[in-house]
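Keep in mind the model is a prediction, meaning the values are calculated, not measured.
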Amino acid sequence: METADPPKGRECPQKRSPFDMIMNQIRRKTSFAERRARPSVGRLFRPSENADGKEGGAPETGGPGGQGGDKSTGTVPGGSDPADTEASSEAGWGRVKQFVQKLGKKADSHALSLGHCDLTATDVLELATLLPFLSLLEEIDLSWNDLIGGSLRALTFHLQHVSKLRILRLCSCRLTAEDLTALGEGLGYIPLLEVVDLSWNAGLGGNLQCLARSFQPGNRVKELHLVECQLTAADAQALGGALCVLPGLELLDVSANGPLVGGLGELAPQLRNLPQLRVLRLQACGLQQDALNALGKAFEFLPALQELDLSCNKAAGGGFVQAGPHLAQLTHLRSLDLHLCGLTEDDVRALVQVIPSLSDLTMLDLSSNKKIGGVVHLLFPSLPLSKLKRLPLNNCCLTDESYRSLASAMQRLSQLESLSLSWNKCVGGHLGLLLEPLQPGCPLQQLQLSSCGLTTEDLLHLASASKRGVLAHLRRLHLMYNDSAGGQGWARLFQEAGALRALVELDVSLRPSGRAPASPWLPALMGALPRLPALTRLSLQRWVLTPRERDALDAFGKDTKRRLHLECDAHEAAAHKRAGVAEQQDA
């Protein structure tokens, strides 16, 4: 396959020797290394262990312990005895264990996970010398080490020792064009590679050609993650060319690449080369109506697609009138994320026509599309309600008609696990309509009703549903910013909260401008806490607690030896404490 030349002004750098590159990195990082709490990895080993020809040294050729010698004689190059080879391998594994343990990690012959370890170029060089002793390695994760950028060649130079590698993650490492070139040259050493994750490396922007041109036919890459890499239109062209030799790709994620806008129209047609693609994520890529239409035309070539994320592309609003009908080709689609896409009523009407073809749909996210609240109800008759597991409709400006239509459909949503209606004021005063159809055994695990204008009566309905056992599987309950609900409702809810034994997270915080005493309902909450064994997060922001009440909550977490993370306003308790001290002094 012919590859395009690198964009003008962005030519891939010439290959430099690993020694020159590493020395440059060491000089650049010296001042930072001096401030590090832990000693440099290069000082962790005795000189005798690093010297050439000594026990535990890293051979330049062959596998771990000098593999690749003469099998017929049982010897290795240079006449080494097999026993010496075995001893060398054991010593090498000891070095690996020491290297990993000094970084606070556990040694594993199949997975090397060194994320968030403050690695430097010196560390990368040391790690490279250990690869001969990791011939069984299947995963390398060096993510979130932003000091190793520019030093990757030292590692890729030794990739021939880990030919079984399947997963390579280098997220947020400040990779450079030089690193991409080195990685591309090393791909030939790791033919079994399936997952490549280079997300959060802004240096990829304008330089993706340095890597993309190195993919060759016959590779096994299944996942390619390029999230927030500042990819440009030129990168889209380079990526499109690479897709021609990635027929086995099952996941492509180029989300959060704003500069990609303008190149999506050229990238979209190349997706037809990915017949096995299951997941396509184009979140926040500046997707516009023309590119959306080009994307739609490629859907007929993606018969295996199960997850499509086009969210956070506001300029795509109105484009589903033309592109929507193409969605009918995705008969195996399970997840469709269109939140914050600026959808119009006409877009929803277009979706209504194709939804019957999406019989496997389990998640439909239309949240944060404020123009569709009056037509959402048109979707419910055509949705596969019996299969839906997630239905986020928060911040959609739902009308009473749409809300009542949803309430009527609740009985048929027998597999629903997550329902989000936050920031829809129509819920307030009518929560009972939604909860009454629920039956015992309901699989609902997440219920978000933040800023819905809930009333005391709504909380009483929620308490009743809890008592009936229909919320027994609920894990997350978000009720924040419902300041209009009275203390009686909160008290009753907490009295019946003992039935929520699976609850992990509870948020009842007030609005940023709100303040109210927690005393009317806090005893009920304290009585419920022992019956909520799974609860790990409790948020009571802006509820006013007296010092004694705060101490009681803190003591509960300590006495029961459970990890309950309490979120409340410390300054409120401090103010009450100061007031109490002042009163005692006056007395």
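Contact annotation: the side chain of Leu295 never approaches that of Leu264 to less than 4.5 Å [non-hydrogen atoms, C-beta and beyond]. No side-chain heavy atom of Leu274 sits less than 4.5 Å from a side-chain heavy atom of Leu280. Counting only heavy atoms from C-beta outward, the side chains of Leu252 and Leu246 never approach each other to under 4.5 Å.
In this structure a side-chain-to-backbone donor-acceptor pair under 3.5 Å is missing from Asp400 to Cys426. The backbone N or O of Ala409 sits nowhere less than 3.5 Å from a side-chain atom of Arg412 that would complete a donor-acceptor pair. Side-chain atoms of Asn257 come within 3.5 Å of backbone N or O of Ser255 as a donor-acceptor pair. A donor-acceptor contact shorter than 3.5 Å is absent between the side chain of Thr232 and the backbone of Pro259. In terms of modelled atom types and a separation under 3.5 Å, the side chain of Asp108 and the main chain of His110 share a donor-acceptor contact. With hydrogens and angles disregarded, no donor-acceptor distance shorter than 3.5 Å links the side chain of Asn482 to the backbone of Gly428. Checked by atom type and distance alone, the side chain of Asp458 pairs as donor or acceptor with a backbone atom of Gly429 at under 3.5 Å. A donor-acceptor pair under 3.5 Å is absent between the side-chain atoms of Asp554 and the main chain of Ala552, judged by distance alone.
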task: List the steps, then state whether side chain to side chain contact (heavy atoms under 4.5 Å, CB included) holds for Met480 with Ser539.
output: CA-CA 9 Å; Met480 59 191 294; Ser539 184; over 6 Å; no

Residues Tyr403, Leu434; criterion side chain to side chain contact (heavy atoms under 4.5 Å, CB included); working and verdict: CA-CA 9 Å; Tyr403 176 72; Leu434 196 75; 3.5 Å; yes

field: Test log, rule side chain to side chain contact (heavy atoms under 4.5 Å, CB included), inputs His377 and Leu406
entry: CA-CA 7 Å; His377 63 278; Leu406 171 62; over 6 Å; no

message: Set out, in order, the CA-CA distance, both residues' side-chain angles and the distance that settles side chain to side chain contact (heavy atoms under 4.5 Å, CB included) for Asp365 and Ser311, then state yes or no.
response: CA-CA 9 Å; Asp365 191 343; Ser311 61; over 6 Å; no

Stepwise salt bridge (Lys or Arg N to Asp or Glu O under 4.0 Å) test for Arg537 and Asp507: CA-CA 8 Å; Arg537 178 179 176 265; Asp507 192 337; 3.6 Å; yes

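Partners of Ser335 according to the side chain to side chain donor-acceptor pair (under 3.5 Å) rule, which considers only residues two or more places apart in sequence or in another chain, do not exist here. Scanning for side chain to side chain contact (heavy atoms under 4.5 Å, CB included) contacts around Cys442 gives Leu438, Leu444, with sequence neighbours left out. Residues passing the side chain to side chain donor-acceptor pair (under 3.5 Å) test with Ser420 are Asn394, Gln448, sequence neighbours excluded. By the salt bridge (Lys or Arg N to Asp or Glu O under 4.0 Å) test, Glu223 is found to be paired with no residue, residues two or more places apart in sequence or in another chain being considered. Partners of Ser466 under the side chain to side chain donor-acceptor pair (under 3.5 Å) rule, at least two apart in sequence or in another chain, do not exist in this structure.
Interatomic distance, CG of Leu358 versus CZ of Arg334, reported as 13.0 Å (0.5 Å rounding).
Ring orientation note: the planes of Trp543 and Trp490 are nearly perpendicular, at an angle over 60° on the 30°/60° scale. Taking the six-membered ring for Trp and thresholds of 30 and 60 degrees, Trp423 and Tyr481 have ring planes more than 60 degrees apart, a perpendicular arrangement.
The local environment of CZ in Arg531 is crowded, with over 12 non-hydrogen atoms from other residues, nucleotides or ligands closer than 6.0 Å. Other residues, nucleotides and ligands contribute at most 12 non-hydrogen atoms within 6.0 Å of the CD atom of Gln411. More than 12 non-hydrogen atoms from other residues, nucleotides or ligands lie less than 6.0 angstrom from CZ of Arg169. More than 12 heavy atoms of other residues, nucleotides or ligands shown are found within 6.0 angstrom of CZ on Arg511. A 6.0 Å sphere centred on NZ of Lys314 holds no more than 12 heavy atoms belonging to other residues, nucleotides or ligands. For Arg468, the CZ atom sits in a packed shell: over 12 heavy atoms of surrounding residues, nucleotides or ligands are nearer than 6.0 Å. The environment of NZ in Lys370 is sparse: at most 12 heavy-atom neighbours from other residues, nucleotides or ligands sit within 6.0 Å.
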Show which side-chain atoms of residues 316-333 pair as donor or acceptor with protein atoms under 3.5 Å away, not counting sequence neighbours.
none

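Side chains of Glu505 and His478: a donor-acceptor N/O pair is present below 3.5 angstrom, by distance only. In this structure, a donor-acceptor pair under 3.5 Å is absent between the side chains of Asp346 and Thr344.
Of the listed residues (Cys397, Cys396, Ser402), just one forms a side-chain contact (heavy atoms from CB on, under 4.5 Å) with Thr399, and that residue is Ser402.
Under a 4.0 Å N-O distance rule, the pair Glu307/Arg281 qualifies as a salt bridge.
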